[in-house]
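One structure is given below, encoded as structure tokens.
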Amino acid sequence: MLMTQLKMDLKMFFRETFYIISIIIPPVSYLLMGQMYGDLTYAGGLSYAQLYTPTFIILISFVTILFSFGFDQVSNRSNGTEKRIQLSPVSSSLLLVSGILKATIITGLGFVFITTLGVFVYDLQVTPVQMFLSFLGLILLDAVMLLLSSAIYSIFKSEKSALGMSIVLFQVVLLTGGFTIPLAVAPKVLQVIGHVNPMNYVNQFYTHIWNGTLAFSGEQLNGWIYLAVLSVLAYAFIIFQGKRKK
Amino acid sequence: MEMIKVKDLHKNYGAKQVLKGIEFQAKEGEIIGIIGRNGVGKSTFLEILMLLKKYKDGDVQLFGKDIQNLSITDEKVMKKKISAVLQPTQFYKKLRVKELLELFAKYYQCSENVAEVIENFELEEQLKTFFDNLSGGWKQRVSLAIAFLSRPKLVILDEPTTGLDPHMKEVLWDNIRGYSERYQTTVILSTHSMEEVELYCDKVMLIEDGQSVFFDTPQNILATGYENMNQFYLQNTKKGGK
Ligand SMILES: Nc1ncnc2c1ncn2[C@@H]1O[C@H](COP(=O)(O)OP(=O)(O)O)[C@@H](O)[C@H]1O
Ligand SMILES: [Mg+2]
């Protein structure tokens, strides 16, 4: 049953033109930005590819999860599909597992695709161990994003307000998550927002994991604690919302 | 055999009392219509029977079991015997009709019935269409096909024929009656068509002000001096719904 569910979940994702466009944009931006800033050296002595390959992988994952664990949920809730599923004898954990597998597969594809571009276009050097660790790290950060996204979208009942929320979230994350300009050179307001934006930390950590500079001390440790606390809160909130219904 | 027994059912949404004492029973193979003004609580009642909504007071038994506080396993077993068409009817937009049938056949573990349902509901011509692109009547037809796919003991239909053209209504009713006879399925449906109640329902329940004020066969009701069910309805419900 899980295989059928997963197959259908993947089909539905790849049939939404809007979703496809949204996961094509990050690799295209990766190439375009590389054309402009590809020769610069960034903070910590990182090259363009070392800094932006992990960043754009996270961006694809963010978009995927925002859709499948956010917008889709609201859409199914508001049009009655969720109710129809609830009254059938399928367990919610099966649906959840399928959703997680779907997100892992799609973000995994993004990972492979962007890394391949990096290797061929920007002479990115990668080792198998580094790839393996980076992939595990991606799955972990996927889980964080999934919890946050589910929690935020559990509030919404109408597709319209969920769409509005998606647009705002997307803008905020793009501007203050280090996805376009590095936060250090951004205007003060953006820096302040970036400081509380969890996606900023997800992005930073993934860059650390990717470049082997991960550390559980100092500033990094604070960031990890912040993400962990947010995830626990999000989980508690999802459970609470689930109990409140009916 | 008694499939459903409801005694003195009460349901409120916050401070708003919706159901204030429903009495209802259904036997195997019966087709029962639920009528009443818009907003009187028909969908609420049906969704309680579908195990989608909780209720406060009263006693509801399905297949001889109290549905308040079912264990997770009992609930799953029960959900397998029940199927429904909701109002409004919706499924995953971006799946084709054939794919929806396959998916729900997995949920109800009855993949061997897919071909039969396609034939009975004459779905062949739309199998490749995305659910989202179907007309309203076809959506209803596919929903009904999915509802009968598992040959459930109990089928609950919330206004299944509202807004459909007469041909489509006929297709749906032929199937509802056909399945009910063949598998002794109990069918409970809400409707605003008094003609359908008269033609097809074994019994009818009228909800007014949260209570089941009439529950009888259309024949018995007509025998008390009404010209038709429409007259009965108009004389026993207050003007102006919500
Ligand atoms: N989830 C809900 N929360 C609050 N009120 C509701 C909810 N669902 C239905 N109602 C209210 O309960 C009443 C009965 O609704 P419903 O069962 O849908 O009536 P019907 O199906 O007969 O038109 C209506 O006044 C409706 O506004
Ligand atoms: Mg209704």
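Chain letters run A, B, ... following the sequence lines, proteins first and then strands; every chain starts at 1. The shown structure was predicted, so the numbers you read here are calculated from the model rather than taken from an experiment.
- Heavy atoms of A:Leu2 lying under 4.5 Å from chain B are absent altogether.
- Between the CD atom of A:Glu82 and the CG atom of B:Leu86 there is a distance of 11.5 Å, given to the nearest 0.5 Å.
- Atoms NZ and OG, from B:Lys79 and A:Ser91 in turn, are 10.0 Å apart once rounded to the nearest 0.5 Å.
- Residues B:Lys80 and A:Pro89 come closest through the heavy atom pair CG-CG, 3.7 Å.
- For residues 123-134 of chain B, a heavy-atom distance under 4.5 Å to chain A picks out B:Phe130, given by residue number.
- At a heavy-atom separation below 4.5 angstrom, chain B is approached by A:Met8, A:Lys11, A:Met12, A:Arg15, A:Glu16 within residues 8-17 of chain A.
- Heavy atoms closer than 4.5 Å to chain A are found nowhere in B:Gln87, neither backbone nor side chain.
- A:Leu94 does not touch chain B: none of its heavy atoms, backbone or side chain, sits under 4.5 Å away.
- Atom CZ of B:Phe63 has more than 12 neighbouring heavy atoms from other residues, nucleotides or ligands inside a 6.0 Å radius.
- When side chains are defined from C-beta on, A:Leu87 does not count as touching B:Ile156, because their heavy atoms never get closer than 4.5 Å.
- Within the model, atoms OG of A:Ser88 and CG of B:Leu149 stand 11.5 Å from one another, a figure rounded to the nearest 0.5 Å.
- Contact annotation for A:Asn79: both backbone and side-chain heavy atoms come within less than 4.5 Å of a heavy atom of chain B.
- Contact annotation for residues 88-99 of chain B against chain A (heavy-atom separation below 4.5 Å, listed by residue number): B:Pro88, B:Gln90, B:Phe91, B:Tyr92, B:Lys93, B:Lys94, B:Leu95, B:Arg96, B:Glu99.
- Identified by a heavy-atom distance below 4.5 Å to chain A, the contributing residues of residues 102-120 of chain B are B:Glu102, B:Leu103, B:Phe104, B:Lys106, B:Tyr107, B:Tyr108, in residue-number order.
- For A:Tyr235, the OH atom sits in a loose shell: 12 or fewer heavy atoms of surrounding residues, nucleotides or ligands are nearer than 6.0 Å.
- Sparse packing is recorded around CD1 of B:Ile72, with 12 or fewer heavy atoms of other residues, nucleotides or ligands lying under 6.0 Å away.
- A:Arg84 and B:Ala84 make their closest contact through NE-O, 3.4 Å (heavy atoms, listed as atom of the first residue, atom of the second, distance).
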